[in-house]
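Below is one structure, written out as C-alpha cells, with a few remarks after it.
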Amino acid sequence: MLLKTFGWSFGVTVVGLAAAAFFWGWEAFALVAILSILEISLSFDNAVVNAGVLKKMNAFWQKIFLTIGVLIAVFGMRLVFPVVIVAISAKVGPIEAVEVALDDPNRYQQLVTDAHPAIAAFGGMFLLMIFLDFIFDEREHKWVGWLERPLSRLGKVNGLSVCIALIVLLVSAMTLATAAHQHGGMHADKSGTVMLAGIAGLITYLLVGGLSGHFEDKLEEEEEREQEAEESAKREGKQLSAVGLAGKAAFFMFLYLEVLDASFSFDGVIGAFAITNHIFWMALGLGIGAMYVRSLTVYLVRQGTLDDYVYLEHGAHYAIGALAVILLVTVKYEINEVITGLVGVVLIAASFWSSVRRNRLIEAEGGSGDDSGGESKESEVTSRV
C-alpha cells in the first residue's frame with residue numbers, strides 16, 4: 001500500500017533530483033533536495049488538515065480534489081506563482097522572466113537580487129503572521145512548554161500578532177534606511193519599498209485568512225443543516241435524500257480546501273526564496289513537495305489515522321518562523337542558503353524525535369496516547385520529552 005500511495009511521489013523525486021544534478025551540478029542537487037525536504041515538512045500539517053476534511057467527502061469529490069486540486073497546487077502555486085512573483089517584483093513580463101532565466105542567467109540573477117528586498121519583506125511578513133498566529137493560539141499539545149504557555153495567554157489580546165509584525169517590519173525598514181544613510185544613500189529608495197511590500201504581505205495574509213474563515217463557517221453551517229435534516233428525517237421515519245446536502249457541503253469543502261492549500265503552498269513558495277533565487281531549482285523542489293502533499297493526504301485518509309506525531313506541526317511552524325526572521329534579515333544582510341535550509345530541517349527533525357519520545361513515554365506508562373489526563377499530564381510528558 002505504501003508503494004502504491006507514494007509511488008508517483010518517489011518517481012518524481014528521482015527524476016527531479018537527477019535532472020538537477022545533470023543540468024546544474026551537485027550544488028543544485030543539494031539545494032533541490034533541501035527545498036523538497038523543507039516543503040514536505042511544511043506540508044505535513046497541510047496534508048493532515050486536508051485529510052481531516054477530505055474524509056468527510058464522497059468518492060467523487062475526493063477524486064476532484066486529488067486531481068484538479070493537485071494540478072492547481074503543483075502547476076499553479078508551485079510552478080507558475082514563483083515566476084509571477086519575480087515578474088511583478090522585477091517589473092518584467094512572466095514570459096520575459098522565463099526567457100531571461102533561460103538565455104541570460106546573469107541578468108536574471110541581477111533582477112532577482114534587485115527585487116530581493118521587496119520579496120523578502122513581503123514573504124517575511126506573510127510567514128511571520130503564520131508563526132505568530134500559531135504560537136499565540138491556545139493548543140492542547142505544547143512542544144516548548146515554557147515558551148508556548150505564556151505566549152498562548154498573551155494571544156488573548158486582540159490584534160497582538162498584527163502589532164508585533166508591524167513593529168518588526170518598521171525595525172527592518174528603519175535599519176535599511178539607517179544603513180543607506182551611512183553608505184551614501186545606496187539603498188535609500190528600497191526602505192520605502194520594503195515598507196510597502198511588507199504591508200502587502202500582511203494584507204495578503206489577512207485576506208487569505210479571511211477567505212479560509214469564510215469557507216470554514218460555510219462548511220460548519222452546511223454540516224449543522226445536514227445533521228438537523230438527518231435528525232428530522234429519523235423522527236418522521238423518512239428516507240433522507242443526501243445527494244443535494246452532500247453536494248452542497250462537499251462543494252464548500254472543496255472551496256475551503258483550495259483556499260487552505262493555496263495558503264499552505266504560499267508559505268512554501270515564499271520560503272523557497274530564502275533558500276535560493278534560482279527559479280528552476282525552486283520549481284523542482286516545490287513540485288516534489290507538492291506531490292508528497294497529495295500522497296500524504298491519500299495515505300492519511302486511507303489509513304484513517306491523523307497525526308500520531310503531535311509535535312510535527314509545532315516543528316513546521318517554528319521552521320516557518322525561522323524562515324520569516326531570515327527573510328527579514330536578508331533585506332540587509334546575506335545569509336548562506338544551505339544554512340537557511342538546514343535550520344528548517346533541524347527543527348522538523350527535532351519535533352519528530354520529540355513526538356516519538358512522547359509516544360514511547362505514554363506507551364511505557366500504559367497510556368492510550370489521547371492525553372485524557374488533561375493539562376497536568378501533557379505538561380509532565382512535555383517536560384520529560
Side-chain angles (χ1 to χ4, degrees), residues 13 30-49 123-124 127-152 155 264 267-268 270-272 274-276 285-286 288-289 292-293 295-296 299-300 305-330 335-365 367 369-371 375 377-385:
T13 301
L31 288 176
V32 169
I34 289 173
L35 274 172
S36 302
I37 294 170
L38 183 62
E39 175 70 1
I40 292 165
S41 302
L42 292 176
S43 298
F44 186 87
D45 54 346
N46 186 11
V48 171
V49 173
L127 294 174
L128 184 61
M129 282 299 299
I130 292 175
F131 171 71
L132 290 175
D133 277 352
F134 177 86
I135 203 70
F136 284 137
D137 192 19
E138 179 63 42
R139 297 184 180 277
E140 178 185 0
H141 306 292
K142 294 176 177 61
W143 183 30
V144 187
W146 60 268
L147 176 65
E148 295 173 15
R149 274 188 288 272
L151 289 179
S152 65
F264 276 106
D267 63 42
I270 292 299
I275 308 297
T276 181
L286 296 175
I288 291 170
Y292 278 94
V293 175
S295 297
L296 281 170
Y299 180 80
L300 291 171
T305 305
L306 293 177
D307 203 5
D308 289 331
Y309 303 98
V310 298
Y311 300 134
L312 270 177
E313 187 177 7
H314 295 73
H317 280 84
Y318 277 103
I320 288 173
L323 284 175
V325 172
I326 288 170
L327 277 172
L328 292 171
V329 169
T330 58
I335 297 178
N336 187 276
E337 296 166 340
V338 175
I339 294 176
T340 302
L342 289 177
V343 168
V345 174
V346 168
L347 286 168
I348 293 295
S351 65
F352 175 78
W353 177 239
S354 295
S355 300
V356 172
R357 290 185 62 194
R358 171 191 175 275
N359 293 343
R360 288 176 180 174
L361 283 172
I362 292 176
E363 184 178 354
E365 294 173 1
D370 60 357
D371 294 317
E375 179 69 23
K377 180 178 178 180
E378 176 67 21
S379 301
E380 180 183 351
V381 173
T382 301
S383 64
R384 293 176 63 183
V385 169

**Report entry** Approximate separation, where rounding is to 0.5 Å, of His317 NE2 and Ile348 CD1
**Finding:** 10.0 Å

Query raised in the report: Got a sec, which residues hit side-chain contact (heavy atoms from CB on, under 4.5 Å) with Ala33, two or more places apart in sequence or on another chain?
Result: Leu17

Query raised in the report: Who are the side-chain contact (heavy atoms from CB on, under 4.5 Å) partners of Val329, not counting sequence neighbours?
Result: Val325, Tyr333, Ile335

Requested in this report: Please report the closest heavy-atom contact between Lys142 and Arg149, naming both atoms and the distance.
Outcome: CD-CG, 3.3 Å

Query raised in the report: Which residue, Leu132, Ile326, Leu327, forms the side chain to side chain contact (heavy atoms under 4.5 Å, CB included) with Leu127?
Result: Leu327

Query raised in the report: What pairs with Asp133 under side-chain contact (heavy atoms from CB on, under 4.5 Å), at least two apart in sequence or on another chain?
Result: Met129, Ser161, Tyr205

Query raised in the report: Hey, are Tyr292 and Ser36 close enough side-chain-wise for a donor-acceptor pair under 3.5 Å?
Result: no

Report summary line: Closest non-hydrogen contact found for Pro150 with Gly145 is CD-O, 4.1 Å

Report task. Quick one: sort the Phe134 and His314 rings into parallel, tilted or perpendicular, breaks at 30° and 60°. Result -> perpendicular

Query - Closest contact, heavy atoms only, Val343 versus Ala322 - result: CG1-CB, 3.7 Å

Query raised in the report: OH of Tyr311 to OG of Ser351: how many Å apart, nearest 0.5 Å?
Result: 10.5 Å

**Report entry** Atom pair CG/CD1 of Leu128 and Ile135 - distance to nearest 0.5 Å
**Finding:** 11.5 Å

Query raised in the report: For Tyr318, what residues pass the ring-ring contact (aromatic ring centres under 6.0 Å, His included) criterion, not counting sequence neighbours?
Result: Phe131, Trp143

